[in-house]
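Computation of the quantities below employed the complete heavy-atom set of this structure, encompassing side-chain atoms and omitting hydrogens, waters and symmetry-equivalent molecules.
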Amino acid sequence: MNSQQIGVVGAGTMGQGIAQVLATSGFSVQLYDVADEQLTRAQAAIDKGLGKLVAKEKLSEADKGSALERLAVTTALDALRDCAVIIEAAPEQPALKEKLFRDLSRLSHEAILASNTSSLSLTRLAAVCERPERVVGMHFFNPVPVLKLVEVIRAEQTSDATVAQIEALAEALGKTAVAIADSPGFAVNRLLVPMINEAAFLLQEGAATAEDIDQSMKLGAAHPMGPLALGDLIGLDVCLAIMEVLQEGFGDPKYRPCPLLRRMVAAGYLGRKSGRGFHVYN
């Protein structure tokens, strides 16, 4: 498969990680974003990420150079026309993703359109496309170069052939693909993000400090990272968006977003990417 060209839409944290893993796995990558500055930041981040692998002797300097040569960046969506697979990693905004899938569907009738959405309905995205059977979810986890899981989400319209090709792509990237039904939050985030939300309620109620909540889950439940620190890593805006999808999708009050989480997002305290969330980062 790695003779194919793969498109990645969105050069944020997830898009950068996906592009890096694709390039190091031998694929030619077209990384698209609307902003030149974001593409410049993405190239620097990918170069830095590959440099860390070289320092750990997990990648040679020659392989790093080859990976960078396989990575191209563009602000022209048309540059993705010849890609066999296009992986969308845009922000979790339904209207934005639907527009992208509508445009990508018109751009290429043959490409598989995969979304890295962490919670939105793939069936809804497929419905706006001219070939809905070629739409599928391919949900990576942050940091993409480290975490091995990929949730493969089948929309109601997705064909068996599309699922098989995406599972093969995940395997070619050294990932483990897990088949998940198209349900709000899929599997991991339906379990994980409500835990982060509940930790925010604990903090809001003054039951414990952020540090003690995280330490308790690390030492008492053998979690490698506490839930509030994990929320900061994911991005509190992303956590809030997922809780809203769960609340809307299931109509169950147990998925009500914590008011503290809402206030922090409104204040711009989004976690690591903003320098402040439940914890403060330098």
Side-chain angles (χ1 to χ4, degrees), residues 10 12-14 17 89-98 115-122 124-125 137 139-144 146-147 149 151 153 180-282:
T13 300
M14 294 304 293
E92 288 289 278
Q93 300 170 13
L96 172 62
K97 287 183 185 285
E98 287 179 20
S115 177
N116 182 58
T117 179
S118 55
S119 61
L120 298 178
S121 168
L122 270 301
R124 179 174 168 179
L125 289 177
H139 181 211
F140 293 83
F141 292 82
N142 185 34
V144 178
V146 176
L147 298 183
L149 180 66
E151 288 181 320
I153 302 99
I180 305 293
D182 187 16
S183 176
F186 314 132
V188 172
N189 282 335
R190 183 173 169 182
L191 292 166
L192 181 65
V193 180
M195 180 185 69
I196 295 169
N197 192 58
E198 192 63 29
F201 271 114
L202 275 174
L203 182 63
Q204 176 180 279
E205 293 161 9
T209 66
E211 291 75 12
D212 285 345
I213 291 168
D214 282 348
Q215 185 80 326
S216 295
M217 291 304 290
K218 288 167 66 178
L219 299 181
H223 288 199
M225 178 182 289
L228 298 176
L230 182 56
D232 284 349
L233 177 63
I234 294 169
L236 300 189
D237 53 337
V238 176
C239 292
L240 176 58
I242 292 170
M243 288 305 301
E244 290 174 336
V245 168
L246 292 172
Q247 184 182 38
E248 179 183 355
F250 292 111
D252 193 321
K254 73 180 181 181
Y255 295 117
R256 177 174 68 96
C258 176
L260 174 60
L261 178 62
R262 287 193 182 278
R263 291 198 302 271
M264 293 180 72
V265 172
Y269 303 153
L270 307 182
R272 286 183 177 270
K273 60 188 173 185
S274 69
R276 177 176 175 179
F278 292 115
H279 302 279
V280 177
Y281 302 90
N282 294 321

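- With hydrogens and angles disregarded, a donor-acceptor distance shorter than 3.5 Å links the side chain of Gln204 to the backbone of Leu260.
- A heavy-atom distance below 4.5 Å is not found between the side chains of Phe141 and Ser118.
- Although no hydrogens or angles enter the test, the distance criterion places no donor-acceptor pair under 3.5 Å between the side chain of Asn142 and the main chain of Ile234.
- Taking 4.5 Å as the limit, some side-chain heavy atom of Asp214 sits within range of a side-chain heavy atom of Pro227.
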- Query: Stepwise, does the side chain to side chain contact (heavy atoms under 4.5 Å, CB included) test hold for Asp252 with Gln247?
  - Reply: CA-CA 6 Å; Asp252 193 321; Gln247 184 182 38; over 6 Å; no

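- Residues Arg262 and Glu244 are paired through a salt bridge, judged by an N-O separation under 4.0 Å between the basic side chain and the carboxylate.
- With rounding to the nearest 0.5 angstrom, the CE atom of Met217 is 10.5 Å from the CD1 atom of Ile196.
- Counting all heavy atoms, side chain and backbone alike, Ala199 lies closest to Leu228 at CB-CD2, 3.6 Å.
- Atom CD of Glu98 sits about 4.5 Å away from atom CZ of Arg124, to the nearest 0.5 Å.
- The closest side-chain heavy-atom distance from Leu230 to Leu192 is below 4.5 Å.
- A donor-acceptor pair under 3.5 Å links the side-chain atoms of Lys97 to the main chain of Ala90, judged by distance alone.
- In terms of heavy atoms, Gly249 sits closest to Pro184 at CA-CG, 3.9 Å.
- Side chain of Glu151 to backbone of Gly137: no donor-acceptor contact under 3.5 angstrom is found.
- Rounding to the nearest 0.5 Å places CG of Leu240 at 12.5 Å from CZ of Arg263.
- The side-chain heavy atoms of Phe186 and Leu120, taken from C-beta on, include no pair separated by under 4.5 Å.
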- Task: Walk me through it: do Met225 and Leu233 pass the test side chain to side chain contact (heavy atoms under 4.5 Å, CB included)?
- Result: CA-CA 10 Å; Met225 178 182 289; Leu233 177 63; 4.1 Å; yes

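- Summarising the geometry of Cys258 relative to Asn197, their closest heavy-atom pair is N-OD1, 2.8 Å, with the distance given to 0.1 Å.
- Between Lys218 and Pro224, the shortest heavy-atom distance links the atoms CE-O, 4.1 Å.
- The backbone N or O of Ser119 lies less than 3.5 Å from no partner atom in the side chain of Asn189, so there is not a single donor-acceptor pair.
- In this structure a side-chain-to-backbone donor-acceptor pair under 3.5 Å is missing from Asp182 to Ser121.
- A ring pair (Phe, Tyr, Trp, His ring centres under 6.0 Å) check over residues 252-282, counting only residues at least two apart or in different chains, returns the pairs Phe250-Tyr255.
- Atoms CE and CD, from Met14 and Glu92 in turn, are 9.5 Å apart once rounded to the nearest 0.5 Å.
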- Message: Quick one, Leu147 with Phe140, criterion side chain to side chain contact (heavy atoms under 4.5 Å, CB included). Give me CA distance, side-chain angles, the key distance, then yes/no.
- Response: CA-CA 8 Å; Leu147 298 183; Phe140 293 83; over 6 Å; no

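- Note that the OG1 atom of Thr117 and the CD atom of Gln93 stand 11.5 Å from one another [nearest 0.5 Å].
- To the nearest 0.5 Å, the span separating CG on Leu236 from CZ on Arg272 amounts to 11.5 Å.
- At a threshold of 4.0 Å, the pair Lys273-Asp237 counts as salt-bridged, since one of the basic side-chain nitrogens sits closer than that to a carboxylate oxygen.
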